[in-house]
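Here is the structure we will look at.
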Amino acid sequence: FSDEDDEDLQSAVEVAYVNSSGLTNRSVWGDSIRLSEILCPPVTAIPNSGGRACWLLSRGLGLSQCSSIPENHPTVRALLRAWSRFFQRSGSGSFLQLYSGNGGLFVERALQLLSCREWLCRIRVVGIDPSFFVRSTHNVHFYMTSGGLSRLLDVSGLMQARIANRVSV
């Protein structure tokens, strides 16, 4: 690869990460730096500001409440801004959206609010030890550690993902 090829590759892919609400805002920055070192393109950190939706999810009520997350929620707005910036700048390429734990609640809500179907097709979602399983796109895969119990907070999402062969342990 030449330096020019490397620049083309980096402009064709952008990566963002939303942490679980159980983690501190400080940890999202550390996680994003580590992911940047592994993946090479810089990873945009989008802190999960938690709130009522995360409280509901922790009690097994998150799925039915996902659409009640307001569109002006800071995490949802940050996701929509990151995606919009990338797609307005890049005529092609994909956006890799990573999340852990219940960060998927906000990814799901932001995906629901996307008005451009082409953008939705170009967003690839990866859930890491999710406690909420994103369902608004087929471009999704979930990675879980064995023995993790947080996934049981969204049992129907887990079963749907397993049936669709979108889960790796």
Side-chain angles (χ1 to χ4, degrees), residues 1-51 53-54 57 66 69-145 148 150-151 161 166-169:
F1 289 109
S2 69
D3 288 341
E4 198 173 286
D5 291 336
D6 194 37
E7 287 175 24
D8 288 344
L9 181 61
Q10 286 191 355
S11 66
V13 175
E14 190 161 323
V15 184
Y17 169 70
V18 179
N19 63 319
S20 181
S21 65
L23 303 173
T24 63
N25 278 352
R26 187 179 195 181
S27 74
V28 73
W29 306 116
D31 289 348
S32 293
I33 290 168
R34 282 188 292 284
L35 287 166
S36 295
E37 291 170 349
I38 294 168
L39 300 173
C40 291
V43 174
T44 302
I46 300 178
N48 176 345
S49 56
C54 295
L57 179 67
C66 188
I69 296 172
E71 61 186 71
N72 64 350
H73 189 284
T75 305
V76 172
R77 285 184 25 232
L79 284 162
L80 291 170
R81 261 193 321 273
W83 298 340
S84 178
R85 260 193 320 262
F86 173 73
F87 292 123
Q88 289 174 4
R89 189 177 65 238
S90 174
S92 63
S94 296
F95 196 105
L96 177 59
Q97 180 60 61
L98 306 172
Y99 77 89
S100 64
N102 62 8
L105 276 168
F106 302 98
V107 174
E108 176 76 12
R109 183 62 176 135
L111 290 169
Q112 290 171 352
L113 294 170
L114 270 181
S115 57
C116 182
R117 303 316 292 169
E118 180 194 342
W119 289 6
L120 182 62
C121 293
R122 292 171 53 199
I123 296 172
R124 308 293 188 251
V125 178
V126 174
I128 303 164
D129 269 337
S131 57
F132 178 82
F133 292 80
V134 168
R135 300 172 190 196
S136 289
T137 180
H138 295 292
N139 296 323
V140 63
H141 199 84
F142 307 101
Y143 293 91
M144 300 182 293
T145 56
S150 63
R151 62 183 149 213
R166 294 189 176 123
V167 176
S168 296
V169 180

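As a basis for the values below, the full set of heavy atoms in this structure was taken, side chains included, without hydrogen atoms, waters or symmetry mates.
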Check: [Y] and [X] side chains under 4.5 Å, non-hydrogen atoms:
| X | Y | value |
| --- | --- | --- |
| L114 | L80 | yes |
| Y143 | L98 | no |
| Y99 | V134 | yes |
| R166 | H138 | yes |
| F95 | T44 | no |

Can you give me the closest heavy-atom contact between [X] and [Y], atom names plus distance?
| X | Y | answer |
| --- | --- | --- |
| A45 | P47 | O-CD, 3.7 Å |
| I46 | A78 | CG2-CB, 3.7 Å |
| I69 | R109 | O-NE, 2.7 Å |
| V15 | P41 | CG2-CG, 4.1 Å |

Sequence neighbours excluded, every pair satisfying salt bridge (charged side-chain N to carboxylate O under 4.0 Å, His left out) that has a member inside residues 116-125: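 Found E118-R122.
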Could you tell me whether a side-chain N or O of [X] sits under 3.5 Å from a main-chain N or O of [Y], the two making a donor and an acceptor?
| X | Y | answer |
| --- | --- | --- |
| S100 | D129 | no |
| N19 | N48 | yes |
| E108 | R135 | yes |
| S90 | A12 | no |

CA sep, side-chain torsions, deciding dist, call: V125, L111, side-chain contact (heavy atoms from CB on, under 4.5 Å): CA-CA 10 Å; V125 178; L111 290 169; 4.1 Å; yes
Measure the [atom1]-[atom2] distance between [X] and [Y] for me, rounded to the nearest 0.5 Å.
| X | Y | atom1 | atom2 | answer |
| --- | --- | --- | --- | --- |
| N139 | L96 | CG | CG | 11.0 Å |
| F133 | F142 | CZ | CZ | 6.0 Å |
| I128 | D31 | CD1 | CG | 8.5 Å |
| T137 | Q97 | OG1 | CD | 11.5 Å |
| S94 | F87 | OG | CZ | 7.0 Å |

Stepwise side-chain contact (heavy atoms from CB on, under 4.5 Å) test for L79 and V107: CA-CA 7 Å; L79 284 162; V107 174; 4.1 Å; yes
Ion pair check, E14 and R89, cut-off under 4.0 Å: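 So E14 pairs with R89 through a salt bridge.
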